Every structure is written in structure tokens, then in C-alpha cells.
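First the structure, in the form of C-alpha cells, and then the observations on it.
As the structure lists them, so they are numbered: ligands from 1, and atoms in each ligand from 1. Heavy atoms only: backbone and side chains are in, while hydrogens, waters and symmetry mates are out. Note that this is a predicted model, so its numbers are computed, not measured.
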Amino acid sequence: MNTYPKGHFICIDGIDGTGKSTQIATLASLLSELQCPSVTTQDPGSTDVGRQIRALLLDSDLAIHRRTEALLFMASRCEMVESVIRRHLDEGVSIISDRFLLSTVVYQSIEDETVDCGVPTDLLWQLGNLANGGVQPDLTILLDMPAARALERLQDREQDRLESRGEAYLERVRQTYLSELPRSSKHTLVVDATQSIESVSAEIRAYVTHWIAAE
Ligand code: TMP
């Protein structure tokens with residue numbers, strides 16, 4: 001019998017350049033202050049299989065069909081759920097995941113002149129729930145920022161295969177995040193990531209502290 005309370009599963013998501021890594025570190029410190037043990041996962045990644053799939057997906061020299069892309073993200077996530085996330089949650093350890101299924105629903109559904117054959121969002125949610133064996137975040141925090149602003153922040157960084165799709169694609173990604181977010185978890189929070197890092201952290205801290213106390 002499991003005598004531990006289940007851990008909390010929190011996902012932080014948003015387009016690249018919105019400051020996810022910084023906010024994940026802040027959130028990990030907060031959970032530690034609140035006496036909630038936690039581990040951080042990176043999607044895709046966090047397992048040996050996941051890291052190899054991640055390298056394939058981000059390789060700018062590879063042409064990958066959108067459905068292949070979607071299925072590879074799902075396969076990596078399935079490994080992460082079954083060998084890391086489920087076990088920790090059952091032992092009362094909380095998870096902070098850098099992206100989760102919402103990312104696939106958003107990035108792999110969009111069609112524009114740079115990428116065709118977007119996969120319908122309904123299908124991606126269904127396939128994703130199958131791949132994740134029903135595990136989904138309790139809370140999704142979306143860091144929201146116009147694509148143009150996020151790209152400015154990333155200017156000096158080398159872009160991977162998926163980041164190089166341009167501003168119009170990323171702005172559609174941003175809008176789709178906002179419309180699909182309610183389907184990603186029971187609790188959701190949108191934070192304006194154009195604010196200072198401190199203000200974004202303060203907003204997340206206030207929400208999560210209240211949310212954990214109420215859970
Ligand atoms: P990361 O740099 O935030 O780890 O994400 C790697 C890239 O992969 C990023 O450009 C977003 C993209 N991505 C998808 O296209 N679909 C997905 O399901 C995930 C998790 C990421």
C-alpha cells in the first residue's frame with residue numbers, strides 16, 4: 001500500500017526565450033522551502049532513450065516528417081513517464097517538467113509556409129494520453145510572450161532544427177498555446193513573461209504557494 005501522499009506534477013511551458021529554465025529553478029527552490037521534495041525533468045529527455053530521441057529531433061541536418069516528429073516526442077515522453085515521473089509521484093516526490101504533452105499539441109499541429117502537414121490537435125491529445133498512460137500535469141504554467149520579443153532574446157544563441165522556423169510560425173505556436181492550455185491540466189496559469197524575471201517569479205511563487213496549500 002502506498003502510504004505517501006502523491007507528489008504534485010507541475011509543467012512549465014512556453015516558446016523558447018520566455019525564461020522557462022530560470023523559472024523552473026525558482027519553482028524548485030520554492031518547493032524545497034515548502035518541504036515538498038521535487039525533481040525536474042526535461043521533455044524531450046530525462047532518460048537514456050529520451051536523450052537520444054532529443055538529439056535526433058533537434059538535429060538541423062535531418063528532414064523529419066511532422067507525424068514522425070510528433071511520434072518521436074510522444075515516444076520520448078512515454079519513457080520519461082514510465083521510468084521517472086510515475087515512480088516519483090507515487091513516492092510523494094513532485095515533478096517540475098520543462099514542457100510536456102501540450103508542447104507537442106501546439107508545435108506539431110501548426111501548418112504554415114515553413115512546415116506543412118500539421119497534425120490535428122484532437123488527435124495529438126488522444127495519442128498523447130495513450131502514450132502517457134493517463135499521466136498528466138496537475139498544474140501547467142504558461143510563460144507567455146510575443147514571438148518577436150522571444151526571438152530578440154535568443155538572438156545570440158545558435159538555433160536548433162525546431163527553433164529555426166521563424167517568427168510567424170512561433171507566433172502561431174504562441175496563440176495555439178493560449179487556446180489549448182485549458183486542455184492540458186485541471187489547473188492552469190498564464191504569466192506575462194515580458195515582465196522582469198523577479199515579477200514573473202513572484203507571480204508564480206504566489207500562485208503555487210496558495211495552490212499547494214489548497215490541494
Ligand atoms: P527545449 O529547447 O525547450 O527543450 O525544446 C526543444 C525544441 O523542441 C523547442 O524548439 C520546442 C520543440 N518541441 C516540439 O516541437 N514539440 C514537443 O513536443 C516538445 C516537447 C518540444
Side-chain angles (χ1 to χ4, degrees), residues 9-25 27 40-47 49-81 84-85 95-112 114-121 123-132 135-137 140-145 147 150-151 153-177 180-181 183-185 193:
F9 181 7
I10 304 174
C11 167
I12 297 207
D13 215 328
I15 57 177
D16 289 302
T18 50
K20 287 194 302 302
S21 309
T22 308
Q23 298 306 331
I24 285 167
L27 186 53
T40 298
T41 53
Q42 182 185 38
D43 183 3
S46 290
T47 64
V49 172
R51 279 181 281 273
Q52 294 204 26
I53 294 177
R54 180 182 177 89
L56 271 179
L57 280 162
L58 301 190
D59 187 343
S60 301
D61 294 333
L62 292 178
I64 305 180
H65 191 279
R66 297 307 289 300
R67 287 201 304 278
T68 311
E69 200 176 276
L71 292 168
L72 285 171
F73 278 112
M74 304 261 186
S76 166
R77 193 169 303 118
C78 175
E79 283 298 305
M80 184 171 82
V81 165
V84 183
I85 295 182
I95 297 287
I96 304 171
S97 188
D98 181 347
R99 303 188 179 279
F100 201 66
L101 173 56
L102 175 62
S103 280
T104 308
V105 170
V106 168
Y107 281 86
Q108 276 63 60
S109 65
I110 286 164
E111 286 186 31
D112 75 356
T114 58
V115 275
D116 53 7
C117 318
V119 186
T121 53
L123 194 51
L124 288 167
W125 282 119
Q126 279 172 29
L127 281 171
N129 288 327
L130 174 77
N132 299 345
V135 171
Q136 62 173 46
T140 305
I141 300 172
L142 176 63
L143 300 182
D144 177 54
M145 177 184 280
L151 283 170
R153 287 195 181 184
L154 294 174
Q155 239 171 19
D156 300 329
R157 213 181 77 177
E158 200 186 326
Q159 292 185 325
D160 62 44
R161 193 179 65 82
L162 293 147
E163 284 167 351
S164 58
R165 286 178 177 164
E167 184 181 327
Y169 170 80
L170 280 180
E171 187 54 37
R172 293 198 57 197
V173 168
R174 178 206 179 193
Q175 297 300 339
T176 311
Y177 262 126
E180 294 295 323
L181 178 67
R183 297 175 74 179
S184 75
S185 50

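Applying the salt bridge (Lys or Arg N to Asp or Glu O under 4.0 Å) rule to pairs touching residues 98-107 yields Asp13-Arg99, Asp16-Arg99, sequence neighbours excluded.
For the residue pair Thr140 and Ser185, a side-chain donor N or O sits within less than 3.5 Å of a side-chain acceptor on the partner.
Between the choices Phe100, Tyr107, Phe73, the shortest heavy-atom distance to atom 19 (C) of ligand 1 belongs to Phe73.
Among the atoms of Asp43, none of the N or O lies under 3.5 angstrom from an N or O of ligand 1. At a 3.5 angstrom cut-off on N or O pairs, Arg54 counts as close to ligand 1.
Within the listing of ligand 1, atoms 14 (C), 15 (O), 16 (N), 17 (C), 18 (O) sit less than 4.0 angstrom from a heavy atom of Gln108. Near Pro44, with a cut-off below 4.0 Å to any heavy atom, the atoms of ligand 1 are 20 (C).
Among Ile53, Leu130, Leu124, the one residue that satisfies the side chain to side chain contact (heavy atoms under 4.5 Å, CB included) test with Met74 is Leu124.
Here Asp16 has side-chain heavy atoms under 4.0 Å from ligand 1, and that is the only part of it that gets that close.
Ring pair Tyr107/Tyr177 is perpendicular by interplanar angle, where above 60° counts as perpendicular and below 30° as parallel.
In terms of the side chain to side chain contact (heavy atoms under 4.5 Å, CB included) criterion, Gln52 has no residue partners (sequence neighbours excluded).
Summarising the geometry, atom CG belonging to Leu57 is positioned 5.0 Å from atom CG belonging to Leu72; distances are rounded to the nearest 0.5 Å.
Heavy atoms of Arg77 approach ligand 1 to within less than 4.0 angstrom.
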